[in-house]
Enquirer: 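Pasting a structure below so you can have a look.
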Amino acid sequence: MGCRINGLGKGEKARSGIDYGCEEFGRLKSVLMHTPGEELSLLNESNYKHWLYDKVPEISGYIKEHRDYQELLESNGVRVYELEEYVDENTGLMKKMPNLTFLHDTAVISEKGAILSRMRPPAREKEEVVVKEALNNLGIPILSEFNGGKGFFEGCLLLSKETVFVADTERHTYPFIREFVSNILKEFSEVIYVRVPKARRYMHPDTVFNRIRENLALAYLPAFEESCLFTEDSREKIDFKAFMREKGMEIISVSDSEQSRLACSFVPLESGTIFHYDTSFDQKTRKDLENEGIEIISFHPDALLAGGGSLRCHTLRLCRKKIKN
Ligand SMILES: NC(=[NH2+])NCCC[C@H](N)C(=O)O
């Protein structure tokens, strides 16, 4: 009969491992994305709110815009890995997850491995299971994840090799935040914790804060109800803006209306250059950014807006180290 050779699973391709880690403000090298597919047909007029959409998406337009965005990334030298190609076991789950395309929320990739979220049930339940499989097949280890317990934690932001930013949003439960903070402080020296109102418009940390350059960020400060700094052995209240200024970071404030158009949620290509919806900024902010020498690579969303997410939400950044070519 001869010997049996097992076909390589789809995910085996990249098992040799890829570069990963997003702490450094280098040029964006690679991302993981999920081109939405048949799962979008789960959405209809009576259930789109349950599924955390703002309206029923126009499917072909939605997929086309997602692809256009991928091409925009690629034309700027970013390698796009497609989730589906790294999933074997959980393909069945993928078809039941209309929010899986918002991959950003499921994991943050540090140089030490992935910080996996625990997605909020019912609409986003278990998305991290699919993503964990793909990351494993990509050769990216898991640095932190939630085992057991009832609660959820939909992501954080890495500000540097030392600092993690956590927002206490409608998608985070406080006991999970405490567990996360105490675990992650073994790997990072400080965690900035910010409590924001529990409302959809502030659902993830990137809706209120995001860096454009090492020394410049956008924020919507009225949503910062309380800010604290956690270290291994201390916890103190801070004035977020003053604290960041001391670290050498200035903040440009966005307006209420801009925040509701996801102004803080963009994807830096490199320090000072961002991919962003052309619908998010008013003229004044555009001018302020221009004066700072910031370049915006604009993308016009139409069908994509139905999902309530930004370009950033569709983008799980894998690697943006300062790699010398
Ligand atoms: N990082 C983000 N802002 N993600 C937006 C996710 C949108 C998605 N429909 C949800 O409500 O969960």
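Heavy-atom basis, side chains included; hydrogens, waters and symmetry copies ignored. Every number for a ligand or one of its atoms is a count from 1 in the order of the listing.
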Enquirer: I need the atoms of ligand 1 closer than 4.0 Å to a non-hydrogen atom of Cys313, numbered in the order shown.
Expert: 1 (N), 2 (C), 3 (N), 4 (N), 5 (C)
Enquirer: Quick one: does Asp206 get an N or O within less than 3.5 Å of an N or O on ligand 1?
Expert: yes
Enquirer: With ring centroids as reference points, do Phe152 and Phe176 lie under 6.0 angstrom apart?
Expert: no
Enquirer: More than 12 foreign heavy atoms under 6.0 Å from NZ of Lys49: is that the case here?
Expert: no
Enquirer: Do Thr35 and Gln70 have side-chain atoms, one donor and one acceptor, less than 3.5 Å apart?
Expert: yes
Enquirer: Leu52 to ligand 1: N or O pair under 3.5 Å?
Expert: yes
Enquirer: With atoms numbered from 1 as shown, which atoms in ligand 1 lie under 4.0 angstrom from a non-hydrogen atom of Arg124?
Expert: 6 (C), 8 (C), 10 (C), 12 (O)
Enquirer: Side chain or backbone of Arg171 under 4.0 Å from ligand 1, or both, or neither, by non-hydrogen atoms?
Expert: side chain
Enquirer: Indicate whether any N or O donor in one side chain lies under 3.5 Å from an N or O acceptor in the other, for Ser257 and Ser260.
Expert: no
Enquirer: Which of the numbered atoms in ligand 1 are under 4.0 angstrom from any heavy atom belonging to Asn99?
Expert: 8 (C), 9 (N), 10 (C)
Enquirer: Only heavy atoms of Met203, strictly under 4.0 Å: list the atoms of ligand 1 that pass.
Expert: 5 (C), 7 (C), 10 (C), 11 (O)
Enquirer: What part of Arg200, side chain from CB on, backbone N/CA/C/O, both or neither, has a heavy atom under 4.0 Å from ligand 1?
Expert: side chain
Enquirer: Looking only at side-chain N and O atoms, does Asp54 offer a donor or acceptor that is under 3.5 Å from a partner on Tyr48?
Expert: no
Enquirer: Taking the six-membered ring of Tyr69 as reference, does the cationic atom of Arg67 (NZ for Lys, CZ for Arg) lie under 6.0 Å from its centre and within 45° of its axis?
Expert: no
Enquirer: Using the ring centroid of each side chain, check whether His314 and His104 are separated by less than 6.0 Å.
Expert: no
Enquirer: Under 3.5 Å, N or O to N or O, is Gly307 touching ligand 1 that way?
Expert: yes
Enquirer: Is there a polar contact between ligand 1 and Trp51, counting only N or O atoms under 3.5 Å apart?
Expert: no
Enquirer: Please classify the Asp105 to ligand 1 contact at 4.0 Å (heavy-atom distances, strictly less than): side chain, backbone, both or neither.
Expert: side chain
Enquirer: Return yes if a side-chain donor-acceptor contact under 3.5 Å exists between Asp278 and Ser298, otherwise no.
Expert: no
